K.L.:
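First the structure, then my questions, so here it is.
FYI, side chains are in, hydrogens and waters are out, and symmetry mates aren't considered; it's all heavy atoms of this structure. Throughout, numbering of the chain's residues begins at 1 and tracks the sequence. Keep in mind it's a predicted model, so treat the numbers as computed, not measured.
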Amino acid sequence: QVQLVESGGGLVQPGGSLRLSCATTINMFSVRIMGWYRQAPGKQRELVARLDSLGNTDYATSVKGRFTISRDSAKSTMYLEMNSLKPEDTAVYYCNAQTIMTDYWGEGTLVTVSS
């Protein structure tokens, strides 16, 4: 059974940092695009960052220069390094993997930015 499991969320003060991880059982060579999405209370889910099989990245304007997406294929794990966090970054963060056949989603990890 394919699984995506996020970890690394928590409570952090404004200006702080967190690193999210997404461990997967998917064969990484079958993944075309992996990404992080987030959903804040009362809002729609939105793309945060994504990384394709060629190493190209794409970031939401609101996180450019603060967040970095990466992956370690040997460990079948994707990361999201988040720096200079703001209260508006508070959301549930979801991991996504797109293969030729389908999309896979994790269950999410909560990030709360508050003093």
K.L.:
Say whether, by atom type as modelled, one donor and one acceptor occur between the side chain of T90 and the main chain of V113 under 3.5 angstrom.
P.N.:
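Here the side-chain-to-backbone pair exists.
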K.L.:
Apart from Y37 itself, which Ile, Leu, Val, Met, Phe, Trp or Tyr residues share its cluster (side-chain heavy atoms under 4.5 Å, direct or through members)?
P.N.:
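Members besides Y37, by chain and number: L47, V92, Y94, W105, L110.
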K.L.:
Linking I/L/V/M/F/W/Y whenever their side-chain heavy atoms sit closer than 4.5 Å, directly or via other members, would I33 and M28 fall into one cluster?
P.N.:
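Different clusters: I33 never reaches M28 through Ile, Leu, Val, Met, Phe, Trp or Tyr contacts under 4.5 Å.
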K.L.:
Any idea which heavy atoms bring P14 and S114 closest together, and the distance?
P.N.:
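The answer is CD-C, 3.6 Å.
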K.L.:
Do other residues, nucleotides or ligands put more than 12 heavy atoms under 6.0 Å from the CD atom of E107?
P.N.:
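Count not over threshold, so no.
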K.L.:
Could you tell me if the side chain of M78 sits less than 4.5 Å from the side chain of T24, heavy atoms only?
P.N.:
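No, every pair of side-chain atoms sits at 4.5 Å or beyond.
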K.L.:
When rounded to the nearest 0.5 angstrom, what distance separates CG in D103 from CZ in R32?
P.N.:
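One gets 8.5 Å once the value is rounded to the nearest 0.5 Å.
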K.L.:
What's the separation between atom SG in C95 and atom CD in Q3, rounded to the nearest 0.5 Å?
P.N.:
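The distance works out to 12.0 Å.
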K.L.:
So which heavy atom on V31 is nearest to which on S53, and how close?
P.N.:
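So the two residues come closest at O-CB, 3.9 Å.
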K.L.:
Decide yes or no for I69 and D58: does some side-chain heavy atom of the first lie under 4.5 Å from some side-chain heavy atom of the second?
P.N.:
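No, too far: nothing below the 4.5 Å cut-off.
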K.L.:
What distance separates T99 OG1 from M34 CE, expressed to the nearest 0.5 Å?
P.N.:
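Output value for this atom pair is 11.0 Å.
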K.L.:
Stepwise, does the side-chain contact (heavy atoms from CB on, under 4.5 Å) test hold for N96 with L4?
P.N.:
CA-CA 8 Å; N96 169 262; L4 296 175; 5.6 Å; no
K.L.:
Quick one: pull up CG in L54 and CG in L51 and give me the separation to the nearest 0.5 Å.
P.N.:
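Rounded to the nearest 0.5 Å, the CG-CG separation comes out at 9.5 Å.
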K.L.:
Taking C-beta and beyond as the side chain, do S7 and T109 meet within less than 4.5 Å on heavy atoms?
P.N.:
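Side-chain contact under 4.5 Å: no.
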K.L.:
Are the side chains of M82 and V63 in touch, meaning some heavy atoms are under 4.5 Å apart?
P.N.:
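No, their side chains stay 4.5 Å or more apart.
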K.L.:
In the structure I gave you, are the side-chain heavy atoms of E88 and S62 within less than 4.5 Å of one another anywhere?
P.N.:
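Not touching, per the 4.5 Å side-chain cut-off.
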K.L.:
State, to 0.1 Å, how close A91 and R38 come at their nearest heavy-atom pair, and which atoms those are.
P.N.:
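Taking every non-hydrogen atom into account, CB-CB, 3.8 Å.
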K.L.:
Let me confirm one number: the CG-CD distance from D52 to Q98, rounded to the nearest 0.5 Å.
P.N.:
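It is 10.5 Å, given to the nearest 0.5 Å.
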K.L.:
Which Ile, Leu, Val, Met, Phe, Trp or Tyr residues join I100 in one cluster when any pair of side-chain heavy atoms under 4.5 Å counts as a link?
P.N.:
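Members other than I100 - counting any ILVMFWY side chain reachable under 4.5 Å - there are none.
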K.L.:
Give a yes or no answer on whether the side chain of N83 reaches the backbone of F67 with a donor-acceptor pair at less than 3.5 Å.
P.N.:
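The answer is no, because no donor-acceptor pair under 3.5 Å joins these two groups.
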K.L.:
Tell me if a side-chain donor or acceptor on E81 pairs with a main-chain N or O of R19 at a distance below 3.5 Å.
P.N.:
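Not at all, since once roles are kept as given, no pair shorter than 3.5 Å links the two residues.
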K.L.:
With the side chain counted from C-beta on, respond yes when V111 and D89 share a heavy-atom pair under 4.5 Å apart, and no when they do not.
P.N.:
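SC-SC contact between V111 and D89 ruled out.
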K.L.:
Working to the nearest 0.5 Å, report the span between CH2 of W36 and OH of Y79.
P.N.:
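It comes to 10.5 Å.
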K.L.:
Checking S84 side chain against G15 main chain: does a donor-acceptor pair fall under 3.5 Å?
P.N.:
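Not a single qualifying donor-acceptor pair exists.
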